[in-house]
Participant: 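Structure in C-alpha cells, see below.
In this text, all values refer to a predicted model and were calculated from it rather than measured experimentally. If you read the sequence from its start, that first residue is 1, and numbering goes on from there.
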Amino acid sequence: MPAVTVENPLTLPRVAAPVAAHTRPVLAVATAPSGFEGEGFPVRRAFAGIDYQHLDPFIMMDQMGEVEYAPGEPKGTPWHPHRGFETVTYLIDGTFVHRDSHGGGGVINDGDTQWMTAGSGLLHIEAPPESLVMSGGLFHGLQLWVNLPKSDKMMAPRYQDIGGGQVKLLASGDGGALLRLIAGDIEGHQGPGITHTPITMMHVTVNSGAELTLPWRKDFNALAYALAGRGAAGVEGRPFRMGQAVVFGTGDSITIRADESQESRSPNFEVVLLGGLPIREPMRHYGPFVMNTHAELAQAFEDFQAGRLGTIPADAR
C-alpha cells in the first residue's frame, strides 16, 4: 500500500493550505469494530457507533482486510440484491471480479474503483478471481455506501469502472502529502467519479511528521478514516490511528498530521477523507436495501423475492 503513487509528489499540481480559514474541530473519534462479511472475509466497520446525522449522505463503510491470504483462502460475496443507494469499492491491494444482473461488471485491481449505482435494484456478486484463490496473496480495500435522494432511488442501475490511472493525483503545498482524488472537487481539481449525491472522496498519504490542511466545502460534512499508521486531526491535535474514524465539526478547512514515528509496515499515515452534501431525508436501512420508509423496505424485499430485481445469469449458476 498504496498502489497508485508517484516517486516525486513535487511534480504534481499543488493544493495550497487555505489562508485565514476556519478549521473544523474534531467532534469525535470512533474505533471500528472487526467482523466478517460475505463468505467470511474480515472487515472493520469504519462508521459503527457514529450518529447518522454526522454521516449523511454516507451510510456505512467497511475496510476489507488488510489480510494476507494463504492459497485457497481468498473469499468474496455470494449473489445478493441492492436497492436505493450506491456502492463504491476502492481496491488498494489485490483483485476483485464484479458481475451484476444487468450485464455490468469487470475486474478491479490495485488502485481501481468500482462505482455501482444500484438505484431501482439489481443482483450482484464480488469475488476474487480463480487465480488469486489458487495462489493466495494480499487483499485490502474499502467499500463505501452512499445514499441516494428519494428522487433518484428508483433510477436505472449504472456502473462506473474507475481505473487507478484515472484518479487525479495532487500534492499538498509543501509536498508532504500525496492526494488521490477519486470523486469531488478540491480547489478546482476534479476527481473522475460521477456522483448523484455531491461528495468528495480521496485517499491521502501523509509523510511522517507532515501536516495537511485542505479547503473543505462549508455545506459538506467531513470524515477521516485511518487505513494505516497514526497521527492527529484538527488544530487541537486529537490522536487517531489505523481503524479509527474522525468526525469533524463545521468550518471551511480540515487538518490532519502524521506522527513523526510510524509503524514499520507503513512508513506513512494513510487516510481516507470523505465529505458530502447531507440529503436530510428520512433513511431506513435494512440489509441490502436503503429506502425512505419501512413500507418501501417491505416493497424492496417483496420485489426481490418475486424476482423483479433481476436474475442470476445462467452461466453463473
Side-chain angles (χ1 to χ4, degrees), residues 1-2 4-6 8-30 46 50 54-55 58 61 90 142 144 167-191 193 198-242 244-262 266-278:
M1 182 172 58
V4 179
T5 189
V6 293
N8 183 9
L10 296 176
T11 62
L12 298 172
R14 310 283 186 91
V15 179
V19 178
H22 175 206
T23 304
R24 292 176 178 239
V26 174
L27 299 182
V29 174
I50 298 175
H54 299 309
L55 297 179
F58 308 112
M61 186 170 74
Y90 173 50
L142 289 173
L144 172 71
V167 171
K168 184 68 175 178
L169 296 180
L170 306 163
S172 59
D174 62 2
L178 173 64
L179 287 60
R180 302 166 191 82
L181 184 58
I182 297 169
D185 177 278
I186 290 290
E187 213 176 48
H189 302 285
Q190 188 71 41
I199 71 167
T200 294
M201 178 181 182
M202 71 176 75
H203 170 193
V204 303
T205 298
V206 187
N207 295 343
S208 57
E211 181 175 287
L212 172 65
T213 297
L214 294 174
W216 210 255
R217 278 181 52 168
K218 285 184 177 182
D219 55 348
F220 275 23
N221 62 359
L223 301 155
Y225 179 76
L227 294 166
R230 51 182 175 258
V235 294
E236 62 268 53
R238 185 79 172 270
F240 75 113
R241 54 177 169 74
M242 180 185 72
Q244 291 188 316
V246 175
V247 179
F248 292 95
T250 60
D252 55 15
S253 72
I254 57 174
T255 295
I256 60 172
R257 63 186 63 83
D259 286 358
E260 293 281 354
S261 175
Q262 296 291 332
S266 177
N268 303 307
F269 194 28
E270 304 287 345
V271 179
V272 172
L273 299 177
L274 295 167
L277 186 65

Participant: Does any non-hydrogen side-chain atom of L212 lie less than 4.5 Å from one of V271?
Facilitator: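 Side chain of V271 against side chain of L212, heavy atoms only: no contact under 4.5 Å found.
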
Participant: Below 4.5 Å, heavy atoms only, C-beta onward: do L179 and L214 meet side chain to side chain?
Facilitator: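 A side-chain contact exists here, since the closest heavy-atom pair is under 4.5 Å.
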
Participant: Is E187 close to L170 at the side-chain level, that is, under 4.5 Å between some pair of heavy atoms?
Facilitator: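 They are not in side-chain contact.
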
Participant: Work out which heavy atom in A233 is nearest to a heavy atom in F240; give both atom names and the distance.
Facilitator: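 So the minimum-distance heavy-atom pair works out to CB-CE2, 3.8 Å.
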
Participant: State whether the side chain of R14 and the backbone N or O of A171 hold a donor-acceptor pair below 3.5 Å, judged by distance alone.
Facilitator: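 The answer is no, because no donor-acceptor pair under 3.5 Å joins these two groups.
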
Participant: With side chain to side chain donor-acceptor pair (under 3.5 Å) as the rule and sequence neighbours excluded, what pairs involving residues 225-236 come up?
Facilitator: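 Residue pairs with at least one partner in residues 225-236: Q63-Y225.
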
Participant: Side chain to side chain contact (heavy atoms under 4.5 Å, CB included), that's the test. Do L12 and L178 meet it? Break it down for me.
Facilitator: CA-CA 9 Å; L12 298 172; L178 173 64; 3.3 Å; yes

Participant: Begin from the C-alpha positions of T205 and T5 and carry the test side chain to side chain contact (heavy atoms under 4.5 Å, CB included) through to its verdict.
Facilitator: CA-CA 9 Å; T205 298; T5 189; over 6 Å; no

Participant: From R180 CZ over to E270 CD, what is the distance, rounded to the nearest 0.5 angstrom?
Facilitator: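 One finds 6.0 Å between CZ of R180 and CD of E270.
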
Participant: Assess the side chains of D174 and S172: does a donor N or O sit below 3.5 Å from an acceptor N or O?
Facilitator: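 Yes, because at least one side-chain N or O of D174 sits under 3.5 Å from a partner of the opposite role on S172.
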
Participant: In Å and rounded to the nearest 0.5 Å, what is the CG to CZ distance from D259 to R241?
Facilitator: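 Output value for this atom pair is 11.5 Å.
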
Participant: Quick check: closest heavy atoms across L169 and P13, and the distance to 0.1 Å?
Facilitator: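 Looking at all heavy atoms of both residues, the shortest contact is O-CD, 3.8 Å.
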
Participant: Which atoms form the tightest heavy-atom contact between A224 and L273, and what is the distance?
Facilitator: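 Of all heavy-atom pairs spanning A224 and L273, the closest is CB-CD2, 3.6 Å.
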
Participant: Quick one: closest heavy-atom pair of S266 and G229, and the distance?
Facilitator: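 Closest approach of S266 to G229, heavy atoms only: OG-N, 4.3 Å.
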
Participant: Compare all side-chain heavy atoms of I186 with those of W216 and state whether any distance is below 4.5 angstrom.
Facilitator: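 Side chain of I186 against side chain of W216, heavy atoms only: contact under 4.5 Å found.
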
Participant: Could you go through the side chain to side chain contact (heavy atoms under 4.5 Å, CB included) check for H203 and L227 one step at a time?
Facilitator: CA-CA 9 Å; H203 170 193; L227 294 166; 4.0 Å; yes

Participant: Out of curiosity, M202 CE to H189 NE2, how far, rounded to the nearest 0.5 Å?
Facilitator: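 Reported value, rounded in 0.5 Å steps: 10.5 Å.
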
Participant: Tell me which one of L274, V247, L223 satisfies side chain to side chain contact (heavy atoms under 4.5 Å, CB included) with L55.
Facilitator: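 Of the listed options, the one satisfying the test is L223.
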
Participant: Does R257 reach the main-chain N or O of G234 with its side chain, forming a donor-acceptor pair under 3.5 Å?
Facilitator: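 Checking the backbone N and O of G234 against the side chain of R257, a donor-acceptor pair under 3.5 Å is found.
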
Participant: How long is the gap from NE2 on H54 to CG on N221, to the nearest 0.5 Å?
Facilitator: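 Rounded to the nearest 0.5 Å, the NE2-CG separation comes out at 10.0 Å.
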
Participant: Nearest 0.5 angstrom please: R217 CZ to S253 OG, how far?
Facilitator: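 Answer for the CZ-OG pair, R217 versus S253, is 15.5 Å.
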
Participant: Please find the pair of heavy atoms, one from A245 and one from A46, that lie closest to each other, and give the distance.
Facilitator: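 What the structure gives for the nearest pair is CB-O, 3.5 Å.
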
Participant: For T200, give me all partners under side chain to side chain donor-acceptor pair (under 3.5 Å), at least two apart in sequence or on another chain.
Facilitator: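 Scan of T200 (side chain to side chain donor-acceptor pair (under 3.5 Å), adjacent residues dropped) gives none.
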
Participant: Centre-to-centre under 6.0 Å for F220 and F248, is that the case here?
Facilitator: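 That pair fails the under 6.0 Å test.
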
Participant: I'd like to know whether E211 forms a side chain to side chain contact (heavy atoms under 4.5 Å, CB included) with T255, so could you lay out the CA-CA distance, the side-chain angles of the two residues, the decisive distance to 0.1 Å, and finally the verdict.
Facilitator: CA-CA 7 Å; E211 181 175 287; T255 295; 3.8 Å; yes

Participant: Closest heavy-atom contact between N268 and S208?
Facilitator: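 Closest pair (atom of N268, atom of S208, distance): OD1-N, 3.9 Å.
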
Participant: Taking the side chain as everything from C-beta on, heavy atoms only, tell me whether F58 gets closer than 4.5 Å to L144.
Facilitator: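 F58 vs L144: side chains touch.
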
Participant: So P215 and V15, do their side chains get closer than 4.5 Å, heavy atoms only?
Facilitator: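 In short, these two side chains touch, coming nearer than 4.5 Å.
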
